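Remember, it's a predicted structure, so these values are computed and weren't measured experimentally. Residue numbers start from 1 in every chain, and the chains themselves are labelled A, B, ... in the order their sequence lines are given, proteins ahead of strands.
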There are 2 protein chains.
Amino acid sequence: MKDPETFAGLTAGRTLDHVLDLHLRLAQSATQRRFSEIFSDLGITQTQLTAMLLIAETPGTSQADIGRTLQMDRATVMGIINRLEGRSLIVRGQSTEDRRRQTLEITEQGVAMLSAAHERSGELGLWLRERFSDAEFHMLAALLKRIHEVDIGGL
Amino acid sequence: MKDPETFAGLTAGRTLDHVLDLHLRLAQSATQRRFSEIFSDLGITQTQLTAMLLIAETPGTSQADIGRTLQMDRATVMGIINRLEGRSLIVRGQSTEDRRRQTLEITEQGVAMLSAAHERSGELGLWLRERFSDAEFHMLAALLKRIHEVDIGGL
DNA sequence: GCGATATTGTATGCTATACTAACATTTATT
DNA sequence: AATAAATGTTAGTATAGCATACAATATCGC
């Protein structure tokens with residue numbers, strides 16, 4: 001594993017195209033695993049927490065908005081919101097302007113959850129940051145951003 | 001979304017620690033989505049393809065080896081190998097040296113699948129590479145590697 | 001050699017994510 | 001007014017990931 005052109009026993013020739021995609025997947029799954037450990041007592045997932053943060057930042061958002069921001073299907077967002085509402089961390093309300101929409105709000109229990117999560121976020125942040133200089137950290141974020149933000153000039 | 005310190009409407013103060021983890025997740029899911037599109041006619045997933053490539057590169061590997069390389073649980077690897085074997089893309093054999101182990105081999109159909117996948121890999125590679133210079137591409141891969149490779153100095 | 005321990009594969013069951021397809025309601029467009 | 005689009009919902013499917021338990025085999029410590 002010393003040759004920078006190889007990965008996990010795969011020679012460069014056949015799998016160089018896979019290298020980035022593999023690193024991306026492994027890095028993401030490692031982070032998710034670490035997240036699960038740190039947040040295990042809260043019983044919340046990365047995606048669920050992100051959804052809650054979005055709702056907390058923009059009270060009254062809709063499921064469709066969350067789907068657009070996190071690039072998730074409507075049906076997928078449904079499932080996530082259902083789980084959060086099932087645990088009374090958020091509530092659905094009715095929009096007065098657009099009667100198709102439902103407003104999403106954080107409950108008191110949700111606020112408590114976010115507060116508890118906030119400490120642990122720092123721990124996860126440290127786990128990630130300790131690998132990088134500040135410059136590298138920002139560079140990495142910026143590079144990753146290009147993958148999901150620039151979707152053939154879309155969104 | 002012009003301020004580099006904000007993301008998706010979240011202000012830096014509360015969620016900066018989440019920025020990298022979010023970008024990582026979004027980048028990975030965007031890549032996976034693109035993969036699904038490109039490989040849709042083959043009906044194979046990123047993980048399954050990676051497992052097949054590992055087996056192709058190291059015929060006779062075991063499920064445990066794959067699990068270690070891809071950082072997956074034994075039970076998880078089981079499921080993936082079951083799906084691949086169910087489609088006759090690989091076969092399980094018996095190890096002569098260690099009778100706990102089973103050897104994994106690519107079948108003829110598996111070779112055909114890898115061949116068909118190889119073209120499409122290029123397409124996915126392009127989709128990723130077009131966002132970056134060569135230097136950036138390698139930098140990104142190297143930075144990602146630190147997240148999963150250096151797990152508190154392990155592996 | 002023998003007992004304790006570790007490794008490997010397996011089976012079961014549970015959960016979360018992600019997607020498709022269809023449907024109803026409401027809003028926007030033409 | 002008719003058509004199209006957006007939103008939420010439901011139902012069904014597939015995949016991945018995990019915990020747990022079990023059985024067979026290897027390895028280690030003594």
Would a hydrophobic clustering, with Ile, Leu, Val, Met, Phe, Trp and Tyr connected at side-chain separations under 4.5 Å, put B/M78 with B/I55?
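Different clusters.
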Take the protein atom [atom1] of [X] and the nucleotide atom [atom2] of [N], then report the distance between them rounded to whole Å.
{"X": "A/L70", "N": "C/dT17", "atom1": "CG", "atom2": "C1'", "answer": "13 Å"}
{"X": "A/R87", "N": "C/dT15", "atom1": "CZ", "atom2": "C1'", "answer": "12 Å"}
{"X": "A/Q28", "N": "C/dT17", "atom1": "CD", "atom2": "P", "answer": "12 Å"}
{"X": "A/M78", "N": "C/dT20", "atom1": "CE", "atom2": "C1'", "answer": "16 Å"}
{"X": "B/N82", "N": "C/dG9", "atom1": "CG", "atom2": "P", "answer": "12 Å"}
{"X": "B/L84", "N": "D/dA14", "atom1": "CG", "atom2": "C1'", "answer": "14 Å"}
{"X": "B/F39", "N": "C/dA18", "atom1": "CZ", "atom2": "P", "answer": "20 Å"}
{"X": "A/D65", "N": "D/dA6", "atom1": "CG", "atom2": "C1'", "answer": "11 Å"}

Does anything in residues 41-50 of chain B pair up under salt bridge (Lys or Arg N to Asp or Glu O under 4.0 Å), and if so which pairs, sequence neighbours excluded?
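Sorted pair list: B/D41-B/R120.
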Return the set of residues passing side-chain hydrogen bond (donor to acceptor under 3.5 Å, both in side chains) with B/R74 (not counting sequence neighbours), or none when no residue passes.
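Expected list: none.
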Partners of B/Q63 by side-chain hydrogen bond (donor to acceptor under 3.5 Å, both in side chains), sequence neighbours excluded?
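Only B/R92 meet the side-chain hydrogen bond (donor to acceptor under 3.5 Å, both in side chains) criterion with B/Q63.
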At their closest point, which heavy atom of [X] faces which heavy atom of [Y], and how far apart are they?
{"X": "B/I90", "Y": "B/M52", "value": "CG2-CG, 4.5 Å"}
{"X": "A/S62", "Y": "A/L104", "value": "C-CD1, 3.9 Å"}
{"X": "B/I147", "Y": "A/T31", "value": "CG2-OG1, 3.7 Å"}

Using side-chain hydrogen bond (donor to acceptor under 3.5 Å, both in side chains) as the criterion, point out the one residue from A/Q102, A/Q94, A/R100 that pairs with A/D98.
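Of all the options given, the one that passes is A/R100.
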Any Lys/Arg nitrogen of B/D73 or A/R33 sitting under 4.0 Å from an Asp/Glu carboxylate oxygen of the other?
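Salt bridge flag = no for A/R33 with B/D73.
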Could you pull out the protein-nucleic contacts involving nucleotides 16-23 of chain D (nitrogen or oxygen on both sides, under 3.5 Å)?
unit_1: D/dA16; atom_1: OP1; unit_2: B/T45; atom_2: OG1; d: 2.5
unit_1: D/dA16; atom_1: OP2; unit_2: B/Q48; atom_2: NE2; d: 3.4
unit_1: D/dA16; atom_1: OP2; unit_2: B/R83; atom_2: NH1; d: 2.7

Within residues 92-104 of chain A, residues whose heavy atoms come under 4.0 Å of DNA chain D
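Nucleic-acid contacts, sorted: A/R92, A/R100, A/R101, A/Q102.
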Distances under 3.5 Å between nitrogen or oxygen atoms of protein and nucleotides 1-5 of chain C:
none

Would you compute the distance between atom CG of A/L22 and atom NE2 of B/H148 and round it to the nearest 0.5 angstrom?
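Those atoms lie 7.5 Å apart.
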Between CZ on residue B/R131 and CG on residue A/L144, distance to nearest 0.5 Å
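Output value for this atom pair is 11.5 Å.
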Base, sugar-phosphate or nothing for B/S62? Non-hydrogen atoms, less than 4.0 Å.
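Sugar-phosphate contact only - B/S62 comes under 4.0 Å of backbone atoms but never of a base.
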